[in-house]
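Chain letters run A, B, ... following the sequence lines, proteins first and then strands; every chain starts at 1.
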Amino acid sequence: MPELPEVETVRRQLAQWMVGRRVERVTVTGRRSVRRQPLEEFIARLTNRTVVDVRRWGKFLLIDLDDSEVLVIHLRMSGQLRYEPDPGVEVERHTHVILALGPEPEIVELRFVDPRTFGEMFISEGCDARGVPVELAHLGRDPINEQFTEPDLEQLSRGRRVAIKTLLLDQSKIVGIGNIYGDEICALARVRPTRRAESLTKPQRRRIVAATLEILNEAIEERGSSLKDQRYRDLFGGLGTYQNHHRVYGRAGLACEQCGAQVKRTVIGGRSAHFCPTCQR
DNA sequence: CAAATATCCTGATAGC
DNA sequence: TGCTATCAGGATATTT
């Protein structure tokens, strides 16, 4: 569930207190959360490292360590990171990884909680020229960290018969957009999400690019979206407020704020999609 | 080759 | 009340 705005919110919070702290102990109780490399190797490469920076690429968190290695974290559907200043506080259900951060003796903890265990952590083999871990080299451009322009979208859309929403969600093309923001971007751009990417006009592409930047930045300002069921919470347990600004997502059957028509729900690529049939052509 | 579908997993919710 | 079925949707592997 966490998409770019939620991950960026957590990144900023992590950067606030984690930089300069040293990893004193690593406790892994859920094997599935560390699955790309042997557990002993993960722990060995992380222990005694000091955090020098916290970055983000799409929905991935990148925690830079003092030996130039990178701790990569993806929350996937249900993962949450929790800041716990008191290690004595009981560990909640579905906590799979705990980093005890010093320097001693004032230990604070970073806890990784993930009921569905889709999320993961690993230590990267190193970064490429863009600063992206080599394991993530297949990922597309980040619309917030890098430029994203109409010619970029034209190039990505060429010959693509898929729905524009599917293209927006394709992490090998553009990173960070998930189901919620894909719908919201199409709504603000006044383009129907089912529209084939290759058939878009230049003005429509311009509107989609502008809407991408506007929606993501607005959502970051609101610290992301916390839905009723999916329980996104930030590092300090706070809720996002962007759900109060959704134009279409989760609003099927309700009136469009712009025109009063009923917002429709359909399925694109096996996922729910929401749009206003009047505003989005 | 692109596009569609299956897979991982738990918790919330709908329906009986 | 309590059971089962369905849905939620991130990335990746597999099938079409």
Side-chain angles (χ1 to χ4, degrees), chain A residues 1-11 29-37 56-62 72-81 92-97 112-122 124 132-143 155-186 193-199 216 219 224-233 239-240 242-243 246 248-253 265-275:
Chain A
M1 213 260 331
E3 304 179 32
L4 189 152
E6 290 78 21
V7 177
E8 176 62 18
T9 300
V10 173
R11 184 199 70 77
T29 47
R31 284 305 318 263
R32 258 186 64 78
S33 301
V34 181
R35 51 182 182 262
R36 291 208 194 200
Q37 61 204 151
R56 179 194 56 74
W57 198 264
K59 303 169 194 170
F60 289 85
L61 283 165
L62 311 177
V72 181
I73 304 175
H74 199 301
L75 304 172
R76 293 279 185 104
M77 300 291 294
S78 61
Q80 293 183 32
L81 288 173
E92 78 176 271
R93 195 166 144 79
H94 302 303
T95 299
H96 307 306
V97 182
F112 179 64
V113 185
D114 186 14
R116 293 174 71 177
T117 69
F118 290 174
E120 65 166 327
M121 292 188 179
F122 63 93
S124 169
V132 179
V134 293
E135 295 84 354
L136 311 183
H138 62 285
L139 293 180
R141 56 166 39 81
D142 186 299
Q155 187 228 318
L156 295 177
S157 304
R158 202 167 296 151
R160 293 298 305 271
R161 297 173 61 79
V162 292
I164 178 58
K165 182 181 169 185
T166 301
L167 186 77
L168 290 172
L169 265 57
D170 183 344
Q171 304 296 301
S172 71
K173 304 294 183 292
I174 309 160
V175 292
I177 300 169
N179 209 38
I180 296 173
Y181 298 107
D183 279 355
E184 293 300 310
I185 288 164
C186 290
T194 48
R195 183 69 183 267
R196 288 181 189 277
E198 64 178 359
S199 77
L216 293 177
S225 301
S226 293
L227 306 181
K228 284 180 211 81
D229 47 345
Q230 329 244 12
R231 308 270 68 195
Y232 158 74
R233 282 175 181 274
L239 297 171
Y242 195 66
Q243 65 278 9
H246 289 173
V248 290
Y249 186 86
R251 292 180 45 81
R265 179 188 181 278
T266 184
V267 174
I268 300 174
R271 291 175 193 172
S272 66
H274 311 75
F275 65 96

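The pair A:Glu135-A:Arg36 fails the salt-bridge criterion, with no side-chain N (NZ, NE, NH1 or NH2) lying under 4.0 Å from an Asp/Glu carboxylate O.
With DNA chain B read from its 5' end, the first of the two nearest nucleotides for A:Arg161 and A:Thr117 is the one closest to A:Arg161.
There is no side-chain donor-acceptor pair under 3.5 Å between A:Arg116 and A:Ser78. Of the N and O atoms on the side chains of A:Asp114 and A:His96, not one donor lies less than 3.5 Å from an acceptor on the other residue. For the 3.5 Å distance criterion, the side chains of A:Glu3 and A:Tyr232 fail to qualify, holding no donor opposite an acceptor.
Of all heavy-atom pairs spanning A:Ser272 and A:Asp183, the tightest one is O-OD2, 4.0 Å. When all heavy atoms are compared, the tightest approach of A:Leu227 to A:His246 is CD2-CE1, 3.9 Å.
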| said: Counting primed atoms plus P, OP1 and OP2 as sugar-phosphate and everything else as base, spell out the protein contacts along nucleotides 11-16 of chain C at 4.0 Å heavy-atom distance: B, S or - for each nucleotide, 5' to 3'. | reply: BS----
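Shown here, B:dG11 forms a base pair with C:dC7; the pair counts as Watson-Crick or G-U wobble because both key distances fall under 3.5 Å.
Distance noted for atom P between B:dA6 and C:dT6: 14 Å (whole Å). Across the P atoms, C:dC7 and B:dT5 are found 15 Å apart, a figure rounded to whole Å. The same atom, C1', is picked in B:dA12 and in C:dA11; the two are 23 Å apart, to the nearest Å.
With hydrogens and angles left out, the side chain of A:Arg116 and the base of C:dA8 share a donor-acceptor pair within 3.5 Å.
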